[in-house]
Amino acid sequence: MKKILLSIILSTSFYLSCLAQLQVKCGNSNIPNSNFRNNNVAKGDILIIDSVKNSFIQNPQKLAEATNATYIIPVVFHVFANNAQALVPVNQCQSGLDKINEDFNAWNADLNTIDPEFAPLASSLKINFVLAQKDINGNPTTGVNYHPVDSGFGSYQVMDNIITQYAWDNYKYMNIYIMLDLFGDGVNNNSGIAYPPNTWNSDNKVDRIVYNYWYLGNTGSSIADGEFQSVLTHEYGHWLGLGHTFGGNCNDADGIADTPPSDVAGGGCGPNANHCGGNINGENYMDYNASCYKMYTQGQITAMIAALQHPTRFPLWQQSNLIAAGLGQYVGIKKNIDKQEIKCVVNDNILYTDAEKFFIYDLLGNIVVQQSSCHSYSLSSIASGVYIVSLEKEGQQQFKKITVLKQ
């Protein structure tokens with residue numbers, strides 16, 4: 001009994017100690033500027049994204065089409081830990097992606113609590129990050145690979161030669177490296193680091209996000225609450241070219257017009273968060289206020305859509321690549337603005353549709369429901385989560401994302 005009690009005390013102490021360390025410690029601020037600003041190749045990458053953004057300004061129809069498209073990104077996790085599969089199970093990685101997809105699509109439950117000053121600017125990106133189902137050789141995979149414990153993969157250039165041994169083709173998969181000590185310095189509570197679109201990195205298979213498994217998702221080894229789980233959304237924003245909303249001595253730190261400047265990281269949430277002569281958008285995913293993450297702005301969404309057209313990101317969401325990654329069921333998930341919409345509404349966990357036939361897939365691509373000649377369907381037997389609905393009517397096929405929430 002004493003041994004059991006001691007074990008509980010030690011476990012509780014460890015857990016509380018970890019909770020005390022819950023703070024956003026994103027390594028992007030420490031990446032050498034020469035990598036992304038002064039390097040000629042990196043300058044070219046930035047110019048590509050800027051040119052797309054300018055074309056959006058000049059051609060609103062082009063922006064509308066890009067905004068209405070749905071982007072599917074195949075993801076592979078590489079987990080490095082002792083007893084890695086037990087410590088960071090596949091469902092922990094999936095729960096991390098579920099949270100990211102929720103945030104990017106503005107399905108988060110606290111969306112209606114955004115500071116009224118910034119609520120009109122809140123926007124969403126129709127994107128879904130999905131675990132790959134086929135590996136680089138076409139073999140079945142869970143999208144999660146397990147390896148012995150290692151560290152330091154977040155260090156710029158230091159671990160590049162080792163990383164290439166594990167990396168899957170950067171033009172076909174988004175590679176995420178999961179470990180505890182991100183920079184090989186014995187510090188275990190850094191949250192993550194992400195590399196923006198960069199041709200040299202992708203060519204050399206070192207494009208990556210490196211993230212702490214303590215903060216990944218809501219199960220397994222995670223100690224993160226619902227808000228802190230969105231720190232990975234912050235890193236995904238970097239991967240799609242976004243900068244921090246703070247810094248720059250009250251100048252425009254991120255180049256996004258609708259994110260007001262702030263001279264301090266994590267400067268607070270809500271109407272009373274005042275810096276640089278005005279209120280800041282402290283609830284923005286690209287700040288450091290992990291207790292109140294709620295939104296991206298319209299300008300940030302446009303910037304990320306532009307980044308998705310970059311040569312290092314564009315191949316990932318092409319239909320041929322989805323098929324190669326085992327995600328063929330997502331092919332065609334692009335809204336055709338010329339087609340009449342097929343009705344699909346979920347109210348009180350009942351799906352109403354005028355489709356002649358529909359399928360419901362989970363985010364692993366498994367068929368959950370196959371139904372025909374039924375225009376209302378109870379979702380009571382389906383677990384809470386995000387799903388893809390394939391709708392068919394009069395020769396048309398459309399896809400919708402739905403969220404099932406159980407009380």
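Quick note: numbers below take in every heavy atom, side chains included, and nothing from hydrogens, waters or symmetry partners. Counting begins at 1 with the first residue of the sequence.
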Determine, step by step, whether Thr297 and Asp258 satisfy the side-chain hydrogen bond (donor to acceptor under 3.5 Å, both in side chains) criterion, reporting the C-alpha distance in whole Å, the side-chain angles of both residues, the deciding distance to 0.1 Å, and the verdict.
CA-CA 7 Å; Thr297 67; Asp258 59 3; 2.7 Å; yes

Measure the CG-OH distance between Leu87 and Tyr146 for me, rounded to the nearest 0.5 Å.
9.5 Å

Under 3.5 Å, is there a donor-acceptor pair between the side chain of Gln318 and the main chain of Phe314?
yes

Counting C-beta onward and ignoring hydrogens, is there a side-chain heavy-atom pair between Ile323 and Val331 closer than 4.5 Å?
yes

Is the Trp239 ring parallel, tilted or perpendicular to the Phe129 ring (thresholds 30°, 60°)?
perpendicular

Look at the side chain of Asn289 and the backbone N and O of Cys292, then say whether any donor-acceptor pair between them is shorter than 3.5 Å.
no

Which distance, rounded to the nearest 0.5 Å, do you find between the CD1 of Ile360 and the CG of Leu379?
5.5 Å

Please name the pair of heavy atoms, one in Ile209 and one in Ala194, separated by the smallest distance, quoted to 0.1 Å.
CG1-CB, 3.6 Å

Is a side-chain donor-acceptor pair under 3.5 Å present for Ser230 with Asp103?
yes

Tell me, with the steps shown, if Val144 and Ile178 meet side-chain contact (heavy atoms from CB on, under 4.5 Å).
CA-CA 10 Å; Val144 183; Ile178 302 296; over 6 Å; no

Pairs satisfying salt bridge (Lys or Arg N to Asp or Glu O under 4.0 Å), at least one member in residues 177-204, at least two apart:
none

Distance in Å, Asn128 CG paired with Ile388 CD1, rounded so as to fall on 0.5 Å steps
5.0 Å

Could you check if a side-chain atom of Thr142 sits within less than 4.5 angstrom of a side-chain atom of Leu131, using non-hydrogen atoms only?
no

Can you list every pair that meets salt bridge (Lys or Arg N to Asp or Glu O under 4.0 Å) and has a residue in residues 298-313, with sequence neighbours left out?
Asp207-Arg313

When rounded to the nearest 0.5 angstrom, what is the spacing between OH in Tyr171 and OG1 in Thr199?
5.5 Å

Tell me, which pairs form a salt bridge (Lys or Arg N to Asp or Glu O under 4.0 Å) where one or both residues lie in residues 260-272, sequence neighbours left out?
none

Distance col, row Leu121:CG vs Met295:CE, nearest 0.5 angstrom, shows 5.5 Å

Heavy-atom check, side chain of Leu97 versus side chain of Val130, under 4.5 Å
no

Can you name the nearest heavy-atom pair linking Ala355 to Thr353, along with the distance?
N-OG1, 3.0 Å

Evaluation steps, side-chain contact (heavy atoms from CB on, under 4.5 Å), between Phe104 and Met304
CA-CA 11 Å; Phe104 271 91; Met304 288 191 286; 3.6 Å; yes

Point-to-point distance, once rounded to the nearest 0.5 Å, from NZ of Lys53 to CD of Gln309:
13.0 Å

Kindly say whether Asn189 contributes a backbone atom to a donor-acceptor pair with the side chain of Tyr215 at under 3.5 angstrom?
yes

So, does Asp115 use its side chain to make a donor-acceptor pair with the main chain of Glu117 at under 3.5 Å?
yes

Residue pairs passing the salt bridge (Lys or Arg N to Asp or Glu O under 4.0 Å) test where at least one lies in residues 150-173, sequence neighbours excluded:
Asp160-Arg208

Side chains of Val149 and Phe80 in contact at under 4.5 Å (non-hydrogen atoms):
no

Hey, mind stepping through Leu242 and Tyr296 against side-chain contact (heavy atoms from CB on, under 4.5 Å) and telling me if it holds?
CA-CA 10 Å; Leu242 295 184; Tyr296 283 122; 3.7 Å; yes

More than 12 heavy atoms of other residues, nucleotides or ligands under 6.0 Å from CG of Asn139: yes or no?
yes

Answer yes or no: is there a donor N or O on one side and an acceptor on the other, between the side chain of Gln298 and the main chain of Pro120, under 3.5 Å?
yes

With a 4.5 Å cut-off on side-chain heavy atoms, are Cys276 and Pro260 touching?
no

Got a sec, which residues hit side-chain contact (heavy atoms from CB on, under 4.5 Å) with Ser124, two or more places apart in sequence or on another chain?
Ala106

Of the non-hydrogen atoms in Phe228 and Tyr211, which two are nearest, and what is the gap between them?
O-OH, 4.3 Å

Can you find a heavy atom in the side chain of Pro261 that is under 4.5 Å from one in the side chain of Asn251?
no

Does any part of the side chain of Phe56, heavy atoms only, come nearer than 4.5 Å to the side chain of Ile305, both counted from C-beta?
yes

Check whether any side-chain heavy atom of Asp98 sits under 4.5 Å from a side-chain heavy atom of Glu102, and report yes or no.
no

Specify whether His244 and Phe246 have parallel, tilted or perpendicular ring planes, treating 30° as the upper limit for parallel and 60° as the lower limit for perpendicular.
parallel

Closest approach of Pro89 to Gly220 (non-hydrogen atoms, all atoms of both residues):
CD-CA, 4.0 Å

Looking at Asn161, I'd like to know if its CG atom is crowded, meaning that more than 12 non-hydrogen atoms belonging to other residues, nucleotides or ligands lie closer than 6.0 Å.
no

For Asp135, does its backbone N or O pair with a side-chain atom of Tyr173 as donor and acceptor, under 3.5 Å?
yes

Under a 3.5 Å distance rule, please check whether Trp168 uses its side chain to pair with a backbone N or O of Val76 as donor and acceptor.
no

Checking Gln300 against Thr259: is there a side-chain donor and acceptor pair closer than 3.5 Å?
no

Looking only at atom types and distance, does a side-chain atom of Ser95 sit under 3.5 Å from a main-chain N or O of Gln92, one as donor and one as acceptor?
yes

Under a 4.0 Å threshold between the charged nitrogen and the carboxylate oxygen, would Glu65 count as salt-bridged to Lys62?
no

For the residue pair His78 and Tyr177, is the inter-centroid distance of their aromatic rings smaller than 6.0 Å?
yes

Any donor-acceptor N/O pair, His234 side chain to Tyr285 backbone, under 3.5 Å:
yes

Is Ser221 reaching over with its side chain to a backbone N or O of Trp214, donor-acceptor style, under 3.5 angstrom?
no

Anything under 30° is parallel, anything over 60° is perpendicular, the rest tilted; go ahead and classify Tyr71 against Trp317.
perpendicular

Partners of Glu227 by side-chain contact (heavy atoms from CB on, under 4.5 Å), sequence neighbours excluded?
Asp110, Asp225, Tyr293

Compare every heavy atom of Ser262 with every heavy atom of Ile280, then report the nearest pair and how far apart it is.
CG2-CB, 3.6 Å

Evaluate the side-chain contact (heavy atoms from CB on, under 4.5 Å) criterion for residues Leu232 and Lys99: first the C-alpha distance (whole Å), next the side-chain angles of each, then the deciding distance (0.1 Å), finally the verdict.
CA-CA 9 Å; Leu232 188 51; Lys99 182 60 176 174; over 6 Å; no

Minimum heavy-atom distance Gly266-Asp287, with the two atoms named:
N-OD1, 2.9 Å

